[in-house]
A.B. asks: 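This is the structure I have questions about; it appears just below.
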Amino acid sequence: MQAARFSILLIFSAGLLTAQVGSQRPVRSATKPQAAHGEHKSDSRPTSAAPIFRDIAAQAGLTASHISSADKHYVVESMSGGIGLFDCDNDGKLDIVMVNGSTVDRYRESGGDPLVTLWHQDAVLKFTDITQKAGLARKGWGMGVSVADFDNDGNLDLFVTGYGGNALYRNKGNCTFEDVTDKAGVRGGGFSTGAAWADYDRDGNVDLFVSRYVHMDMKNLPVPGSTKFCQFKGVPVQCGPWGMEGESDLLYHNRGDGTFEEVSKKAGVDDPDKYYGLGATWDDYDNDGWPDLFVADDATPNHLYHNNHDGTFTDNAMVSGIAMNSEGQALGSMGVTWGDYDHSGRLSMFITEFADQPNTLYRNEAARGFEDVAMSSRLGQVSLPLVGWGTSFFDMDNDGWLDLFVVNGHVYPQMDNVKGSAAYVEPMLLHRNIHDGTFQDVSKGSGLAEMPLKSRRGAAFGDIANDGNVDAVVLNVGEPPSLLLNTDQSSNHRVMFHLVGMKSNEAAIGARVIIRASGVTQFDEVRGGGSYLSQNDLRIHFGLGAAGTIDVVAVRWPNGRVESLKDVAADKIYTIIEGQGIKGVVPFDNLPR
């Protein structure tokens, strides 16, 4: 691999991926944005059928159940939880981690339940529960999961958020873990939800942000129906978050010696207004080379923290138009995902919302800020009756355009008895990118609409079968998870990149990969945490359509260094090591079994 030369700089300067030297606060403008690259080209619209998804969880061995009460009398009982995909033993196959949840009675009586269940993928799509063997024994009330290599030893570590305290499990290798929570200083407390990793100061060590939700006392819980905030559509339901005090957020700076310092107030991300924090994710939304932080806040304005390059942040959410929707309403924001869905060279934000609110797509208009295009994109209409949670942009059919997946489920089981209300169990949504800024609901054609209705929360996305198709695992409240296998049979090419940092953090959290093939530029970033309290595959996947060769691949590492490759063949998984180039190539049709 060579250092970046003028060919890559031309890609940047052409507006396909602008790398700005300085940071500017985006300003809202009434100016109509120009069409993004690829929009309004009817001849480029997809013509093939959507891929079929099959739930193979039971035959794959995913039989352990998430734990939850039936009636959901308290808000803590309805918010869990997350699910994740990561390779815990570096064998090239994705393993699955799921939070276990708990109930108020179990928490009061015995401190809750083991925070997570871990399944190892022994052979392709065959999993074994190794939780006990792995040493994941800490009890509590699990909410979310995220992964990173916090000590840069080559093994992915696991962080679990939960009510009453979090857990940091250091991976010792071979999927065995050491509980270093207290030693590292990241136990926290309160009602922790989202967790996201990034090297925000570019010192080579990943740092950790934790969002928190509401303040509640397990010994003195509010009674359903006791106040106006404990009713919905005239029916007594769990109290919260409305009417409850929120909690501040936490930012742990990695000292590089196995310990962390809590610096949220000093950095300006502590949320002194105590909004109801849920989904959190880091990404470079303004293309200046530094990771920024987005926090989805339930029923309160969202946060968009711009990285000031000096260890501090400025909240640009309000001025950029992403704090609330186009009507000035703070929505019930939960799941989050960034993606360049329109080939504009900029990351746009999609957020899942509560019932009677459209899921929101905020299109990134650079200096003009973000535009709420929920309805014009045709994403908002179908979501209105539903309560949205886990989500991600991903290319379901490898055509080079990002599609969208959303899982749903109400928080109130009592709604099943309310005429005209959305039910507690709800369908999943799959939105196909039509290449013109709009999406089409293809849930029925994909087989998802025929699957049993459930109340779902977290969703994680990755190539579980190592066949070049992006699959999903989904947490079903009070039930075993779903493993949704993408059976796409199209002839489209695809590629995947596994990045290993050297001077940067070893898991390459925050690295950006940019590719150009057949005249189309795409990019994505490595993320530690996202969706709804969940963790996607750290490997970066691109669909290539008819392109059998990638003209240019550029990697911008978390420390800012850019390296490039030319004429890279499609249909392979590449391991790229910082400063060393490609050090591993595995074809999609010849993988370890």
Side-chain angles (χ1 to χ4, degrees), residues 82-99 115-122 127-128 130-131 133-136 138 142 144-161 166-181 184 186 195-199 204-210 252 254 256 258 260 281-282 458 460-464 466 473 496-502 504-511 525-531 533-541 557-558 573 575-578 583-584 592:
I83 196 164
L85 292 168
F86 75 117
D87 184 356
C88 65
D89 57 357
N90 296 317
D91 68 350
K93 301 188 298 293
L94 290 175
D95 309 300
I96 298 174
V97 60
M98 178 187 75
V99 300
L115 291 169
V116 295
T117 295
L118 176 63
W119 288 281
H120 179 263
Q121 187 173 181
D122 303 322
F127 294 83
T128 299
I130 63 167
T131 309
K133 177 183 175 182
L136 303 173
R138 183 181 285 261
V145 294
S146 62
V147 301
D149 185 356
F150 82 88
D151 54 358
N152 292 325
D153 68 350
N155 298 310
L156 291 175
D157 309 301
L158 175 65
F159 185 76
V160 187
T161 63
N166 310 311
L168 177 60
Y169 291 107
R170 176 181 172 271
N171 190 337
K172 299 185 293 183
N174 296 320
C175 298
T176 61
F177 294 83
E178 174 189 6
D179 187 338
V180 296
T181 309
V186 294
W197 297 87
D199 183 5
N205 299 307
V206 283
D207 313 297
L208 174 64
F209 176 83
V210 178
Y252 294 103
N254 190 337
F260 293 77
T281 183
W282 296 86
F461 300 80
D463 186 358
I464 302 172
N466 278 337
V473 287
M496 203 150 57
F497 298 100
H498 170 215
L499 304 184
V500 180
M502 297 302 288
S504 301
N505 71 88
E506 185 135 351
I509 301 293
E525 297 186 3
V526 182
R527 301 177 182 90
S531 184
L533 317 188
S534 295
Q535 176 65 57
N536 294 336
D537 187 353
L538 292 179
R539 300 173 300 179
I540 293 182
H541 167 275
W557 296 95
I573 302 173
T575 295
I576 301 178
I577 299 179
E578 183 179 9
K583 291 298 179 180

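Everything numeric in this text was worked out from a predicted model, so none of it was measured.
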A.B. asks: Decide yes or no for N166 and V186: does some side-chain heavy atom of the first lie under 4.5 Å from some side-chain heavy atom of the second?
C.D. replies: no

A.B. asks: Check the pair I577 / M502 against side-chain contact (heavy atoms from CB on, under 4.5 Å), numbers first and verdict last.
C.D. replies: CA-CA 7 Å; I577 299 179; M502 297 302 288; 3.7 Å; yes

A.B. asks: I want to check something: taking the side chain as every heavy atom from C-beta on, are L115 and L136 in contact at a cut-off of under 4.5 Å?
C.D. replies: no

A.B. asks: Please give me the minimum heavy-atom distance between N505 and V206, naming the atom from each residue.
C.D. replies: CG-CG1, 3.4 Å

A.B. asks: Let me confirm one number: the CG-CG distance from D122 to D95, rounded to the nearest 0.5 Å.
C.D. replies: 8.5 Å

A.B. asks: Main chain of R138, side chain of Y169: is a donor-acceptor contact present, judged purely on distance under 3.5 Å?
C.D. replies: yes

A.B. asks: A side-chain contact here means heavy atoms from C-beta on lying under 4.5 Å apart; do I509 and D149 qualify?
C.D. replies: no

A.B. asks: Quick one: salt bridge (charged side-chain N to carboxylate O under 4.0 Å, His left out) partners of D537, sequence neighbours excluded?
C.D. replies: R539

A.B. asks: Using only heavy-atom distances, determine whether the side chains of T176 and N174 contain a donor-acceptor pair under 3.5 Å.
C.D. replies: no

A.B. asks: Nearest heavy-atom pair of A508 and W557: which atoms, and what distance?
C.D. replies: CB-CZ3, 4.0 Å

A.B. asks: So, taking the atom named CG in L168 and the one named OG in S146, what distance separates them when rounded to the nearest 0.5 Å?
C.D. replies: 9.0 Å

A.B. asks: Less than 4.5 Å apart, side chain to side chain, heavy atoms only: is that true for N254 and L208?
C.D. replies: no

A.B. asks: Any idea which heavy atoms bring A134 and L118 closest together, and the distance?
C.D. replies: CB-CD2, 3.9 Å

A.B. asks: List the atom of Q121, the atom of D91, and the distance in Å for their closest heavy-atom pair.
C.D. replies: O-OD2, 4.0 Å

A.B. asks: Between D199 and S504, is there a donor-acceptor pair closer than 3.5 Å when you use the side chain of the first and the backbone of the second?
C.D. replies: no

A.B. asks: What is the distance from atom CG of L85 to atom CG of L94, rounded to the nearest 0.5 Å?
C.D. replies: 5.5 Å

A.B. asks: Please list, chain by chain and in numerical order, all residues satisfying ring-ring contact (aromatic ring centres under 6.0 Å, His included) with W119, sequence neighbours excluded.
C.D. replies: none

A.B. asks: So, using ring-ring contact (aromatic ring centres under 6.0 Å, His included) as the criterion, who are the partners of F260 when residues are at least two apart?
C.D. replies: F150

A.B. asks: In Å, rounded to the nearest 0.5 Å, how long is the span from CG of L158 to CZ of R170?
C.D. replies: 14.0 Å

A.B. asks: Roughly how far apart are Q535 CD and W197 CH2, rounded to 0.5 Å?
C.D. replies: 10.5 Å

A.B. asks: Please name the pair of heavy atoms, one in N466 and one in D463, separated by the smallest distance, quoted to 0.1 Å.
C.D. replies: N-OD1, 2.8 Å

A.B. asks: If every non-hydrogen atom of W282 is compared with every non-hydrogen atom of R527, which pair is closest and at what distance?
C.D. replies: O-CG, 4.2 Å

A.B. asks: Any side-chain to backbone donor/acceptor pair from S534 onto G458? Under 3.5 Å, distance only.
C.D. replies: no

A.B. asks: What's the separation between atom CD in E525 and atom CG in L538, rounded to the nearest 0.5 Å?
C.D. replies: 13.0 Å

A.B. asks: For the backbone of E506 and the side chain of N152, can you confirm whether one donor and one acceptor N or O come within less than 3.5 Å of each other?
C.D. replies: yes

